[in-house]
Structures are given as C-alpha cells and as structure tokens.
Amino acid sequence: MKKLDDMFPHFNFLKLILVVTVIAIALQLSGAWVTMLIAGALGALLARRHRTAFFAGFIGVAIAWSAIFVYLSLTAQTMAIAEFFIGLLGLSGLGWLVIVISVILGALLGGFGGLLGRSVVELVDELIPPETSSEAAPVQEEQSESEPEA
Amino acid sequence: MKRKILNLGLSLVGPIALVVMLTMPIGPLSGGLGIIAPTGGIFDVGYPEPALQTINLPGLDANVEVFFDEWGIPHIYADAVTDAYMALGYLHAKERLFQMVMQNYLAAGRICEIVGSYAVSSDKYYRAIGLARGAEETYQWYLKNRNTNEDVAYVLDILDAEVAGVNAFIDSMTSSTTPIEFKILGFTPQHWRPVDVFIWTKMMSWSLASGADDLYREYARTTMANDTMYNDLFPDLMPYNVPIMPEQHNLSLAEYPNSAGGFPADPTPPPTANLASLSEDLIPADKLKTLLSIIDDVILPVELREAMGSNSWAVSGSLSETGSSILANDPHLPLQAPSLWYEAHIVAPGIDVMGVSFPGTPGFVLGHGDHIAWGMTSAAYDVMDFFVEQVNPDNDSQYWYNGAWRAFEVVDETIHTKDAGDIAFDVKCSVHGPCIDSVMGTYNLDSTQTPNIAMNWTGLDITHELLALSLLNKAKNIEDYYDALYWWDSPPHNFIYADDEGHIAITAAGRYPLRTGYLGDLPIQALNDSVGMLSNIPYAYIPRSVDPAQGYLQSANQRSYDPETYGWDVIGPYATGYRGRRINYLLNTSSSVSMDDMKRWQADSVDVSAQWIVPYVIDAWNAAGDGNATVQLAVDWLSDWDFSMETDIQAPTLWRFLVDALKYEIFDELRVTLDANLRTPSTPVLERVIRENENYYLDDHSTGDVETRDEILARALFRALDEMILKLGSNMTDWYYGNFHVTYFNHLASLTVIGGGPHRGWNTLNRAVSSWDDESGQWRVTHGPSWRMVIDMGDIEHAVGVYTGGQSGNMFSQHWDDIFDLWYAYDEETEQYGYHLMRFYPTLTLIGDADLSEHFVERMITFVP
C-alpha cells in the first residue's frame with residue numbers, strides 16, 4: 001500500500017496557497033467556518049512540511065475570506081454590519097477591524113487545519129509498512145520534517 | 001511513532017482552542033465569535049431583496065400575488081382569504097420573527113430561555129399573572145365552538161393560515177433570512193403555535209387594560225387616612241373633563257341581551273358601595289410598598305401607567321370640506337424598534353382591508369376596508385380588581401370562602417433558563433384569580449407572608465378580540481360594526497368609525513363588569529360569592545354615540561360619558577382630559593374640516609394645562625414677585641409663549657419644571673406630613689386648585705403663616721429655576737426645549753436605536769411621553785403616536801398613514817426606519833408631519849396599471865402551492 005505522501009504530489013508554496021484558496025472559497029460557501037480546518041488539511045496533503053502546511057492554510061484561507069469580503073462589500077451591507085457589530089462592543093468607526101479579525105480567525109483555522117492535516121498524514125504514513133523495492137516511491141526532493149514548526 | 005502521535009496531539013491543540021473560542025458565548029454574543037465569518041454568520045443578512053421571487057408555500061389553494069410598494073408594504077391578492085393570511089403570516093415572520101419571538105417569550109414568562117436567568121423576575125411576574133394560561137383557555141374556547149359558530153370557524157381558519165405561513169418561513173430559513181439577533185444570541189426559534197397568537201393578544205390587553213392603580217390608591221388612602229383629602233386630590237372624575245359621548249346611543253336590548261363577549265348582563269345598575277365602609281388595612285403597608293416596587297421594576301414593554309394616550313376623531317359630511325366623513329386616529333404606544341406595527345393590504349373574496357397588524361397575529365387592528373374605516377383609543381376603564389384572601393392562620397395553603405377553608409390551587413410554573421437550568425416557581429390561585437404576590441419571594445420579602453392578593457382581571461378570562469377584529473376587517477356598514485364590536489370584550493377601547501354612507505360613530509367597546517358589594521378602585525376582601533364582579537353592563541347600553549348633532553366625535557382616553565346622564569358608574573384610570581379638551585375645542589370651532597386640518601391637529605403641540613395655569617403664574621409674579629432678574633427673564637418667556645411645546649424656545653422647558661414645582665409647593669400636605677413616595681395629584685387637580693383658589697391646599701401648612709395663591713405660585717417659579725440650573729446648567733439661553741427633549745428608541749434587544757433628535761410636544765395632541773434620563777441629561781420620549789392615520793371616506797384611495805419605524809425588522813434593510821423618517825419630519829410651513837399614501841387598489845389589474853404610470857412597485861413575490 002502506498003503512503004499518502006506517495007499518492008499526492010508535492011506542490012510548491014504558491015501553488016499550495018492557490019489550492020487552499022480555491023478549496024476555502026468553495027467550502028466557505030456552505031456557510032460553515034469550521035470547514036476551513038478541512039481546507040487547510042486538504043492543502044496539507046500537497047505539502048511535505050508542517051511549516052509549509054500551516055502557512056499555506058493560513059495564507060490561503062486569508063486570501064479566500066478577503067476575496068469573499070471584497071465581493072460582499074460590493075454587493076451587500078458588509079461594512080454597515082461590521083460597524084453594527086463593533087458597536088455592540090462599545091466601539092464605533094472600527095467596522096474594518098471586525099473584518100480584519102474575521103480574516104485572521106479564518107486564517108488561523110486554515111493554518112491549524114494544515115498543521116493538523118500534516119500531522120495526520122505523517123502518522124498514517126508511519127503506520128503504513130514500506131513497499132517492496134519494485135513498488136517503492138521515488139525519492140523525495142525534500143526531506144520530511146519530524147516536528148511541527150509552527 | 002511516539003513522536004508522530006505527539007505531533008498529532010500538539011496539532012490538535014490549535015484547532016480545538018479555536019473552535020472553542022469561536023463557539024463559546026462572549027458577553028452578549030451567545031452565538032460565539034464564529035458569526036463574523038464572511039458567510040453563514042451576521043454578514044449574510046445584508047443582501048438586497050430580489051425584485052421577483054417565487055416562493056413555495058405548502059397548503060395554499062392557489063397562487064398568491066404580492067406587490068410591495070415603495071415603503072415595503074405588501075399588497076396581497078389571493079383567491080381565498082386563508083391563502084391571503086398564509087402569505088401575511090409568511091411575511092410577518094420574514095420581516096419580524098425576532099420581534100414576534102421576543103415579545104411572546106416575554107409575555108409567556110419564558111424570556112429566560114432566550115436571554116438567561118438574569119431575567120427571572122420578569123418571568124416570575126408574567127407567570128404569576130398567567131397570560132399564557134389565559135391564552136390557552138381562550139384558544140380552547142375557540143376550538144370548542146368551531147363547529148357551532150361560523151364566525152369562530154372563520155377566525156380559526158385564518159389563524160391556522162397565519163400560523164402555517166409563519167412556520168413555512170421558519171422551516172425555510174437560511175443563513176441569509178435568519179434574523180441577525182438570533183445569530184448573536186445563539187437562539188433557534190421554535191414553531192409558531194396558534195396559542196402564541198392569543199398570548200400576544202393577552203399581552204396587549206395586559207398593557208392596555210391593566211395596572212396597579214387599585215394598589216396605588218390603597219397606598220394613598222391608607223397613608224393619608226383622610227377620605228376627604230383623598231377624594232379631593234385623587235378624584236376618579238377629572239375636573240373640566242369633556243366626555244367622549246355627546247349623546248348616548250343604545251342598541252336594542254332584545255337584539256343584544258348579553259354583555260360584550262357574550263357574558264351575562266344585567267340592565268339594572270347595582271347599588272354603589274360606600275367608600276367609608278371599606279377597610280383600610282387589608283394589605284400591610286410594607287407588603288404593598290414592595291408589591292408596587294415589583295410592578296414598577298419588572299419589564300412591561302407596552303405599559304401605559306403614566307403614558308396613557310391615544311387620539312381619534314371623526315367629522316361627518318356636514319362638517320367636512322369634502323362633504324364626506326373624515327376619520328383620524330393616532331394610538332400612543334411604546335416607540336420601539338422594530339415598531340409594534342406591520343402594515344399590509346389584503347384583497348381576497350369578501351375582504352379588502354388595509355391597515356396595521358401585529359406581527360404574528362392575523363387581522364388588522366387599525367385601518368380601513370372598502371366602505372368603512374376605524375380607529376381605536378384606550379377606553380381606560382377599570383377591569384381589574386385585587387381581592388385580599390383571608391389565609392388560614394394554621395394552614396397557609398388555605399383561604400376562607402363561602403363559610404369554609406378552601407385550598408389554594410397551586411400551579412407549577414417551573415421556569416427554564418438558558419444558563420442556569422430550571423428554576424422552580426409555584427403560583428397560588430384563589431377563586432378570584434392568581435395571587436400576584438407569588439412573585440414576592442424574588443424580592444426577598446419575609447417568606448412567612450404567604451401570597452394572598454388575588455388578581456381578578458377580565459382580560460384573563462376567555463376573550464374574543466380576534467373574533468371582533470376579524471369581523472370588523474370584513475365590515476361593510478354600521479350594522480356590521482355593531483355586530484363586530486359585540487365580541488370586543490378586552491381590552492376596553494373606544495372604536496371610532498366612519499363609512500362611505502356618511503355615518504360616524506364611536507363605541508367604548510368592552511366588557512363592563514358590574515361590581516356588587518365594593519367599588520372596584522381599592523383592594524377588597526370578599527369572603528363569599530355575594531361580593532365581586534357578578535354581572536356586566538349589556539352591550540346594548542355601553543357608552544356609544546352615533547351621528548351626533550354636533551357633527552363630530554373625539555376621544556383621547558378621557559372618561560367617555562357624563563356621569564350626570566349615563567346610568568352606570570364606570571370607574572377607571574382615565575387620562576387627564578387635556579387632549580380631549582384641545583381636540584374638542586378645535587373641532588367645535590371649525591366649520592369646514594379637511595384632511596390637512598386633521599394632519600395639523602395630529603401635530604398640534606399646544607399644552608392646554610399651560611394655557612390655563614401659566615397666566616395665573618404670570619399674574620402671581622407681577623403681584624408678588626420680588627423683581628429677581630432671572631425669574632423675570634423666565635416669566636418673559638412665559639409671557640411670549642403661545643403654549644405650543646416647540647423645540648426652538650425655552651418656555652416649554654421651563655413649563656415642565658414649573659409643573660413639578662407647582663405640585664411640590666401646593667400639595668405640601670402630601671410632601672410634609674405624609675409620604676414622599678405618594679404619587680402627586682394629576683395636573684387637572686392642580687389646575688382646579690389654582691383656578692378655584694382653594695385656600696386650604698394653596699396654603700403651606702409647614703409654615704406658621706397663611707400663604708396666598710400668588711405667594712405660592714411665585715415660590716414655585718424660584719423652585720423651578722433652581723432645579724433647572726441644577727439639571728440643565730446655568731446658561732439659560734441654552735434651555736431650548738429641543739436640547740433636552742429628544743426621541744431615540746431602543747431595539748427590542750437594545751442592539752441599536754432609531755432616533756431623530758429634538759422632539760416637539762408633551763401632554764399635547766402630539767403626545768410625547770418622556771421621562772428624565774440622568775445619564776444624558778435629557779427627557780427621552782418613550783411613548784407617542786405609534787401610528788397616524790387620516791382617511792376621507794369619499795376619497796379612500798388617498799388615505800394616509802405613517803408609523804414609527806419601517807416594515808423590515810432587519811436593521812440593514814432600507815425599510816428598517818424609512819417610515820420613521822416620515823413620521824419624525826415636521827414641516828414648519830404646513831405644520832404637519834410626513835405621511836405615506838395608503839395605496840388601495842382592489843384588483844391586480846388596477847395596481848398593475850397604476851404602477852405603469854407611478855412606478856411604485858418595488859418588488860413582487862408569487863407564492864405558489
């Protein structure tokens with residue numbers, strides 16, 4: 001049986017961010033923020049290091065949510081709602097801060113999803129016995145890290 | 001391997017922490033911080049409505065077409081009445097679901113389920129009253145009579161349709177249609193039930209026809225211990241009152257032998273009880289005081305204790321400019337966001353009605369049909385009594401009645417809370433009703449004082465307001481109006497009426513209990529069934545006037561009848577009568593009344609009490625003043641004043657302080673020798689004492705001298721100015737009324753406000769109930785004309801209306817407060833507030849044709865089965 005890292009290609013960082021962004025936008029349309037963990041975790045399948053997985057998830061979801069907010073600002077009452085929300089906390093004129101906080105929270109979800117995903121991949125791969133030489137995977141270009149870096 | 005497992009464990013820390021953080025309640029954000037995600041949270045509610053929509057509404061018989069005009073008011077065209085009401089129910093929920101839920105949970109004593117246990121005193125209060133129990137009983141009456149009364153069956157049909165419409169919306173809710181408040185509070189609404197409709201009607205009854213006046217009077221009477229003074233200062237009949245009914249019009253007793261609502265009636269008034277014979281110490285003073293504080297403390301969103309006010313008037317064709325009857329109505333209710341009202345127009349076979357409805361409730365409360373128009377003001381008579389039960393000293397679960405100890409019924413009213421589990425709460429009930437002092441444990445009163453003050457309120461019985469309204473909504477003529485109001489038993493209201501046949505009428509509709517063995521204005525002990533509300537005035541004989549010779553009718557919550565000419569004594573906490581006096585004067589001195597006149601009068605801010613009292617104050621200063629320059633400046637303001645409570649002058653500000661100062665200086669009997677917590681006598685009593693120069697009350701008994709009226713009035717000027725400097729600052733030129741009298745009203749969950757700033761009026765036709773807010777240093781207007789409507793029955797297509805808010809309960813909708821802006825905008829030139837046209841097209845074709853030229857249709861919905 002092939003290891004997960006052998007089954008999924010290794011994307012470079014920019015490609016990885018792009019993939020996470022696309023997945024994050026698609027999943028966020030369901031309205032469930034928790035799916036950003038999944039977006040990050042799916043991205044981790046295409047990374048080989050914890051640090052890469054975390055930052056790809058973080059940046060990918062941040063871009064995805066920022067893009068959605070830009071769209072919403074143009075088509076709905078996003079800024080007014082943000083102003084209202086910050087008003088509940090006794091602040092005014094800081095609606096943009098709600099959006100910034102939201103994007104950071106989403107990015108953290110993506111990042112932690114990536115981290116978790118990478119750890120799961122590595123654990124699963126550890127549990128899968130090595131293949132015979134004829135079925136061995138090609139040598140990886142990048143050495144897998146043994147510890148989370150983020 | 002171990003390291004990989006450790007890595008996984010460490011990697012789980014971040015996601016778990018984040019999920020917890022995004023879901024855990026943070027202060028008022030019970031829904032957690034996750035709601036600020038770009039979709040699926042609060043941002044979804046900001047989308048604009050589509051111009052054309054087709055919505056599936058299971059249960060419809062046929063398609064229903066809905067046109068929304070420029071104010072978001074739906075015009076609903078259906079082939080069946082039930083279809084129309086199902087569409088209305090859907091729209092009520094779509095625009096106002098949060099409001100419906102909040103209001104009903106509050107009324108049912110379930111608000112702790114939404115906001116948490118901090119509101120437990122409110123829930124105990126409403127559980128003790130038992131609005132939900134009364135609602136259930138009323139609903140069961142309708143079910144029992146469905147098969148034998150076609151009008152009852154009709155009510156249940158439209159009620160079921162309304163409820164089905166509401167639930168269709170709840171079932172179809174998406175993130176973008178879920179009210180933002182539910183997201184913030186983390187609350188999921190349950191299905192609407194038929195009994196919920198009755199709970200809200202009971203709540204409105206409670207708000208409009210309840211009150212602890214009997215207890216306040218008891219406190220005043222026992223504290224004063226002087227029945228003569230008590231009667232002088234707290235009379236049931238306000239001096240100078242102009243009654244509503246210029247001529248009594250009875251109906252046929254043979255045709256209507258029962259009282260309103262079908263209750264037993266007695267055409268012979270019972271003998272009047274003697275005040276002096278009533279015991280004064282039924283309720284210990286400390287218990288009474290605590291009970292009153294509870295009533296003052298607990299949330300009562302629509303209460304009118306000090307806010308009594310609504311106006312209506314109508315002129316017949318003989319007095320109108322157009323030759324047709326014209327009707328105006330502006331009910332004064334709490335100014336809240338969203339408004340109590342939702343405006344709509346329904347066209348279906350047998351019904352063509354437009355007006356304002358309560359969200360979640362079928363039927364139109366105020367408005368017009370294709371032949372008639374009606375409006376309402378509170379009739380304000382007393383339909384609530386308190387019976388002090390004699391508790392068995394050896395067993396406090398029993399009370400004495402009809403010669404034996406009888407067990408209190410104990411109702412389990414366990415309160416469920418959002419955050420603290422269940423809170424046990426029992427309500428004791430006697431034969432007279434629930435013991436409202438069951439709530440006193442909340443206030444840590446001596447627990448050995450067992451509840452024994454039973455509330456007997458007609459509104460808690462089976463009531464028929466929905467039946468009355470459903471018939472009125474279909475009425476075509478004055479006979480239909482009589483038939484409809486036969487069922488209006490609670491809350492007592494003056495229904496003003498005009499039709500296209502030229503009739504005008506007013507009925508102080510409601511069930512008038514006849515009290516035997518007591519007066520009804522004080523708590524009483526009734527040890528047997530010979531004392532109590534033993535019968536009622538026949539509907540045929542209740543106060544009513546039809547087509548009076550004077551050509552007009554008016555009502556402003558004052559006593560409806562002249563005690564000299566009406567056969568029954570109907571007590572009540574009536575309004576002071578100043579608005580009635582003002583509108584009576586305006587109508588009585590006009591010969592050709594137009595719609596514009598009616599609109600100007602609805603904006604009229606002349607204070608009649610000032611008109612009568614201020615000249616005495618000016619004269620007093622001229623006669624007895626000491627030449628003080630500050631006081632002279634204030635008196636100059638009063639001298640130049642036309643008595644209109646305008647925002648750009650200082651005199652109205654002074655007048656408000658002066659009224660308090662006059663009461664303080666004149667009613668020293670209450671201030672010095674008695675209890676500072678006593679209510680002060682009402683302003684008409686003050687006016688009477690001044691006008692009639694009643695020396696006993698004008699004299700300050702705390703001094704050794706005998707003061708004259710002039711000396712006391714001059715002293716009041718000093719007191720008023722001292723208080724103003726203290727509260728408003730010493731810069732007198734800034735004391736413009738508009739700087740201190742403002743309107744801002746709160747969202748139901750205090751999430752935002754609707755406001756307009758400086759506000760005209762006070763105890764004037766343009767009613768503005770306001771109280772001093774120490775924090776802002778301003779009077780905040782809390783009650784006022786919640787709906788203004790003017791209708792010329794000869795030109796019903798040009799009827800106008802306006803209310804305090806907007807159609808949408810979504811604060812990010814363009815229709816959140818657009819109608820408020822109209823309501824608030826006062827035009828100095830026309831002397832009118834803004835109104836919108838109540839577009840009234842009886843067919844789909846006509847509304848379509850009108851839109852082709854006027855382009856007022858903003859969007860459309862087709863509901864399909």
Side-chain angles (χ1 to χ4, degrees), chain A residues 25 28-37 40-41 44 50 53-54 64-73 75-82 84-85 87-89 98-99 101-103 105-106 108-109 111-120 122-127 145-148 150, chain B residues 1-23 26-49 174-178 180-181 183-185 747 749-753 808 810-814 816:
Chain A
I25 288 175
Q28 187 54 44
L29 294 180
S30 74
W33 50 261
V34 75
T35 57
M36 295 306 98
L37 289 169
H50 278 93
F54 176 83
W65 281 27
S66 299
I68 296 172
F69 272 122
V70 169
Y71 173 77
L72 290 177
S73 299
T75 59
Q77 301 273 349
T78 305
M79 287 313 296
I81 294 170
F84 156 77
F85 188 81
L88 296 180
L89 306 175
V98 177
I99 293 175
I101 292 170
S102 175
V103 169
L105 289 171
L108 285 171
L109 281 166
F112 285 132
L115 209 55
L116 181 62
R118 190 63 219 154
S119 294
V120 171
E122 291 188 2
L123 180 63
V124 170
D125 281 355
E126 185 83 8
L127 294 172
E145 296 264 336
S146 58
E147 291 180 12
Chain B
M1 171 66 85
K2 279 183 184 172
R3 173 158 289 187
K4 301 291 181 193
I5 293 172
L6 186 64
N7 283 347
L8 181 63
L10 290 172
S11 301
L12 277 168
V13 172
I16 290 171
L18 210 49
V19 168
V20 168
M21 193 176 90
L22 291 176
T23 51
I26 305 171
L29 304 177
S30 300
L33 212 49
I35 58 173
I36 64 171
T39 62
I42 57 173
F43 294 105
D44 288 350
V45 301
Y47 292 104
E49 300 280 359
T174 63
S175 180
S176 64
T177 58
T178 300
I180 192 169
E181 295 92 339
K183 296 179 178 187
I184 290 170
L185 293 169
H747 175 267
S750 298
L751 298 183
T752 185
V753 293
S808 178
N810 177 354
M811 56 193 91
F812 306 104
S813 162
Q814 60 174 319
W816 162 249

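Hydrogens, waters and symmetry mates are skipped; everything else that's a heavy atom, side chains included, is used. Quick note on labels: first sequence line is chain A, next is B, and so on, each numbered from 1. These numbers were taken from a predicted model, which means no experiment stands behind them.
- If you measure heavy-atom distances from A:A64 to chain B, you find no contacts under 4.5 Å at all.
- Among the candidates A:S30, A:G106, A:A76, A:A32, the residue making the largest number of heavy-atom pairs closer than 4.5 Å to chain B is A:A76.
- Between A:T78 and B:F812, every side-chain heavy-atom pair lies at or beyond the 4.5 Å cut-off.
- Ranking A:V98, A:L127, A:I81, A:L116 against chain B, the residue ahead of the rest is A:I81, based on heavy-atom pairs under 4.5 Å.
- Partner of A:F85 under the side chain to side chain contact (heavy atoms under 4.5 Å, CB included) criterion, out of B:I180, B:I35, B:L751: B:I35 alone.
- B:P15 and A:L37 make their closest contact through CB-CD2, 3.8 Å (heavy atoms, listed as atom of the first residue, atom of the second, distance).
- Proximity to chain B (any heavy atom under 4.5 Å) is shown, for A:L123, by both the backbone and the side chain.
- A:Q28 places a side-chain N or O within 3.5 Å of a backbone atom of B:T39 that can act as its donor or acceptor partner.
- The NZ atom of B:K2 sits 13.0 Å away from the CD atom of A:E126 when rounded to the nearest 0.5 Å.
- Between B:L18 and A:W33 there is no side-chain heavy-atom pair separated by less than 4.5 Å.
- When side chains are defined from C-beta on, A:L105 counts as touching B:M21, because their heavy atoms get closer than 4.5 Å.
- Closest approach of B:S11 and A:L115 over heavy atoms only: OG-O, 3.6 Å.
- A distance of 9.0 Å separates CG of B:L10 from NE2 of A:H50, quoted to the nearest 0.5 Å.
- With a 4.5 angstrom heavy-atom cutoff, A:L109 touches chain B via backbone and side-chain atoms both.
- No other option in B:L12, B:I5, B:L8 has as many heavy-atom pairs under 4.5 Å with chain A as B:L8.
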